Amino acid sequence: MEVYGRSKDMAQASKMQRERKKRWKNASPVPDVEDPIKELSKGLHLKNFQLIITDIKEVTKTTKTYRLKLAPDSELKRLPLFRAGQYLSVKVNIDGVKVTRPYSISSAPSDVLGDGFYELTIKIKDDGFLSLELFEKWKTGSIISVSGPHGNMYFDDLRDLNEIVGIAGGSGITPFRSIIHEIATQKLDLKLTVLYGSRYEDDIIFAEELSNLAGKLPDKIKVVNICSEPSENWSGPSGFITAELIKKYAGPIEGKTFFICGPQAMYEFLEKEIQSLNIPNRRIRRELYGQPDNITMNPKYLVEFKDKTFNITVRIGNKIETIKASATESVLVSLERAGIVVDSQCRSGECGFCRSLLISGNIFINDEIDGRRAGDKKFGFFHPCSSYPLSDLEIKIPSFKFVKFSPIK
Ligand code: FES
């Protein structure tokens, strides 16, 4: 049969297409071409990845360092790079309750190169149920889900002066250990003085290691250990980290940037001391410390609400659910307790990952860590990790994202 005009062209085109398909089917396979840009961006932007614990060291009676490498079946080919001072957001599933916690990376950025690793140094807090679980259940070979690295407490020469005064308390020494190692290997050209507060001598984390590194580079690194309840053998400074001690060991505040990392109580105490030194705010970087252990200690918290329980009506996509919430727990914790997963990283009001909409009701927002943008405030968005219910609430949270939480075992 003869085919004319347009129909003839179409028949010709489909014949060519059939031939192309045949050629494609019979083509010999070629080796996969590596795309370095794609690989790099995968490494930098993967939301969630798995690590394996390869080593555990007891650093003090209440502190352990976990060495983590890429899990054998990880999608990543190498560990994401980071800057000394950043943290990983660890995601764990404890008996069905999915929680995330930020932990500073205590190893140096150069340790991730080659067959690299991260180290997380975790201290058991007296009432920290997660750290206690991790302490008991994480073993060599355990698989851990994380995201990151995240965080802003790192040295940036466009922003910071290259003389840093670090103020650390408890496990807040961990980001400084990373910075000190980077200075010691001459990958970071900085002068750093760390004032490190611990309760007892036995609590001082990395005492010998950091003092050895400081001894090798006395012009670059100084670490001053301060004990608040020392034994009679203690010859170093004692008490809390005051303005007077800061001036004594760090010298004049001019020409220096201050990095602070420690427990909530230390921030509360330091605030007055810092004010008395008149350090401009632009020269202070505070590491986020996660949620406060006890929000009622915040002087602005309305204590008359502390024993109350409220209902939160939660909208997620086209679903709706009502949960119970205590006035002294952040909205994020109440959601997690009810088994509702909201993606979170900093848990300190800053990163915006848990950003949600407040449809109705009243909340207390911890203004020390209120990282909402002006537009969010205007249109009723809030961060559940830094907000506490003061009435029944109706909220809309982002739809579930695929986040893998590793069971603790
Ligand atoms: S988790 Fe970062 S703002 Fe809530």
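Note that the coordinates shown come from a computational prediction; the quantities given were computed from them, not determined experimentally. Keep in mind that the numbers below use all heavy atoms, side chains included, and drop hydrogens, waters and symmetry copies. Numbering of ligands and ligand atoms starts at 1, following listing order.
A ring-centre distance under 6.0 Å is not found for Phe305 and Phe364.
For Phe259, there are no ring-ring contact (aromatic ring centres under 6.0 Å, His included) partners, not counting sequence neighbours.
Contacts classified as side-chain hydrogen bond (donor to acceptor under 3.5 Å, both in side chains) and involving residues 235-260 (residues at least two apart or in different chains) are not found. Every pair passing side-chain hydrogen bond (donor to acceptor under 3.5 Å, both in side chains) that includes a residue from residues 108-122 is listed here, sequence neighbours excluded: Thr65-Thr121, Arg67-Glu119, Lys69-Asp115, Ser106-Thr121, Ser110-Glu182, Glu119-Arg177.
Residues Ile397 and Ile395 are in side-chain contact: their nearest non-hydrogen atoms beyond the backbone lie under 4.5 Å apart.
Within 6.0 Å of the CD atom in Glu58, the count of heavy atoms belonging to other residues, nucleotides or ligands exceeds 12.
Take a cut-off of 2.8 Å around atom 4 (Fe) of ligand 1: the protein N, O or S atoms inside it are Cys354 SG, Cys385 SG.
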